[in-house]
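Note that the coordinates shown come from a computational prediction; the quantities given were computed from them, not determined experimentally.
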Amino acid sequence: MFRTVLKLLAVLAAVWFASPLIAQQATPPAAPTATAPANVAPPSTPPVVQAPSATVPAPAAVDAAAAKPAAAAATPTVLPAVHDLSPWAMFMGADIIVQSVMVGLALASVLTWTVGIFKFMELTWATNRLKSALRKIGEARSLSEAQLALGDKGTVLSRLLAAALREGRMSAGISSDEGIKERAASSFSEIVRAEGRKVRSGMSILATIGAISPFVGLFGTVWGIMNSFIGISKAQTTNLAVVAPGIAEALLATAIGLVAAIPAVIIYNHFARVTRGYMEIVARAQGASGRLLSRDLDRTHSSAHVRAAAE
């Protein structure tokens with residue numbers, strides 16, 4: 001009986017001694033070890049000494065450290081401040097050479113519209129007056145009667161009639177009608193050429209502006225783009241936000257050149273047609289003056305023949 005009790009006590013002691021080791025193996029290293037009750041004597045077995053281990057970061061710290069590179073990669077690159085790309089701001093930010101080109105082209109555009117408005121008023125007024133003068137002398141039978149009906153002295157027709165009368169007076173006593181008509185035709189040609197030069201004045205300005213403005217604007221663009229490339233090489237970047245303002249300022253010069261050239265070409269072609277139409281009316285006035293001179297010469301010779309016959 002006593003032996004049986006001793007065996008039970010030995011089994012209970014072995015189980016009690018083994019329970020701390022089993023609990024220590026089942027617990028994770030980071031977890032705190034279980035402490036023995038205060039009223040229980042420590043076991044006789046030597047305690048297990050654990051070696052110091054490296055600090056293991058907590059899962060939250062690991063997640064934060066891993067998120068930092070991703071956040072840095074997701075952060076967008078800071079771009080330069082957005083430039084004001086309005087036409088005036090681009091003009092003010094351009095190079096002095098490009099600014100000079102823009103100012104010259106703007107003045108050329110103003111000159112184009114000034115010449116266009118002036119020529120429109122001049123040709124409209126001259127055409128209407130000449131047509132009205134031709135209607136007034138439509139029923140005239142002689143140069144003096146036509147000049148009296150015309151009245152005003154501001155049209156080319158009045159100058160043609162005055163030239164015909166002057167030639168008639170200066171050729172008095174000359175019996176050659178062909179010579180008189182030839183000299184009068186020469187005077188008419190000079191008056192018509194002078195009128196053509198007058199109505200075409202200013203057209204050469206339109207032709208010059210229309211021809212050279214695109215090339216002047218292209219020069220400003222090439223100069224501006226060259227400066228932009230120099231700035232790119234100095235900045236050592238090809239970022240569009242850095243490159244775009246300089247290129248936009250350069251292209252503005254070409255745009256202003258086209259704004260000056262296109263209206264100049266259109267206005268020039270329009271007034272070239274209007275001028276041809278006006279010169280056709282001037283040719284009609286020249287023909288009317290020549291016919292009146294021919295009638296006066298024939299009438300003069302007829303009167304001379306009548307007087308000779310009466311004598």
Q: Are the side chains of Glu182 and Glu178 in touch, meaning some heavy atoms are under 4.5 Å apart?
A: no
Q: For salt bridge (Lys or Arg N to Asp or Glu O under 4.0 Å), just list the numbers for Glu195 and Arg159, CA-CA rounded to whole Å, side-chain angles, deciding distance to a tenth of an Å, and then say yes or no.
A: CA-CA 10 Å; Glu195 186 68 15; Arg159 294 194 294 273; 2.5 Å; yes
Q: A quick test of your reading: do over 12 heavy atoms of other residues, nucleotides or ligands sit less than 6.0 Å from CZ of Phe188?
A: yes
Q: I need the Leu150 CG to Leu134 CG distance, nearest 0.5 Å.
A: 9.0 Å
Q: Which heavy atom of Ala140 sits nearest a heavy atom of Leu292, and at what distance?
A: O-CD2, 3.6 Å
Q: Indicate the atoms forming the closest heavy-atom contact of Ile191 with Ala163, along with that distance.
A: CD1-CB, 3.7 Å
Q: Any heavy-atom pair between the side chains of Arg183 and Met170 that's under 4.5 Å?
A: no
Q: With heavy-atom distances below 4.5 Å as the criterion, would you say the side chains of Glu249 and Val98 are in contact?
A: no
Q: What do the steps show when you test Arg299 against Asp296 for salt bridge (Lys or Arg N to Asp or Glu O under 4.0 Å), and what is the final call?
A: CA-CA 5 Å; Arg299 190 176 295 112; Asp296 282 357; 3.1 Å; yes
Q: Nearest 0.5 Å, please: how far is CE in Met102 from CG in Leu252?
A: 4.0 Å
Q: So, the side chain of Ser213 versus the backbone of Ile209: is there a donor-acceptor pair under 3.5 Å, distance only?
A: yes
Q: Inspect the surroundings of CZ in Arg295 and state if more than 12 heavy atoms from other residues, nucleotides or ligands are less than 6.0 Å away.
A: yes
Q: To the nearest 0.5 Å, what is the distance between CZ on Arg197 and CE on Met203?
A: 16.0 Å
Q: So which pairs with a foot in residues 96-124 pass side chain to side chain donor-acceptor pair (under 3.5 Å), sequence neighbours left out?
A: Lys119-Glu122
Q: Leu143 and side-chain contact (heavy atoms from CB on, under 4.5 Å): which partner among Leu293, Leu148, Ile137?
A: Leu293
Q: Is Leu111 reachable from Phe271 through a run of hydrophobic residues whose side-chain heavy atoms are each under 4.5 Å from the next?
A: yes
Q: Are Phe120 and Met279 grouped together when hydrophobic residues (ILVMFWY) are joined by side-chain heavy atoms under 4.5 angstrom apart?
A: yes
Q: How close do Gly116 and Ile267 get, heavy atom to heavy atom, and via which atoms?
A: CA-CG2, 3.9 Å
Q: Between Thr155 (side chain) and Leu130 (backbone), is there a donor-acceptor pair under 3.5 Å?
A: no
Q: Which heavy atom of Leu165 sits nearest to which heavy atom of Gln147, and what is that distance?
A: CD1-OE1, 2.8 Å
Q: Of all the heavy-atom pairs spanning Glu139 and Glu145, show the shortest one and how long it is.
A: O-OE2, 4.1 Å
Q: Identify, with sequence neighbours excluded, every residue that meets side chain to side chain contact (heavy atoms under 4.5 Å, CB included) alongside Thr127.
A: Lys131, Tyr278, Ile281
Q: Val115 and Ile262: same hydrophobic cluster, using ILVMFWY side-chain contacts below 4.5 Å?
A: no
Q: Any chain of hydrophobic side-chain contacts (each under 4.5 Å) joining Val101 to Leu218?
A: no
Q: Between Leu160 and Ala285, which heavy-atom pair has the shortest distance, and what is it?
A: CD1-C, 3.7 Å
Q: Would Val103 end up clustered with Ile256 when hydrophobic side chains under 4.5 Å apart are linked, directly or stepwise?
A: yes
Q: Measure the CG-CG distance between Leu105 and Leu258 for me, rounded to the nearest 0.5 Å.
A: 9.5 Å
Q: Are the side chain of Thr254 and the backbone of Thr221 linked by a donor-acceptor contact shorter than 3.5 Å?
A: no
Q: How far does CZ of Arg129 sit from OG of Ser158, to the nearest 0.5 angstrom?
A: 8.0 Å
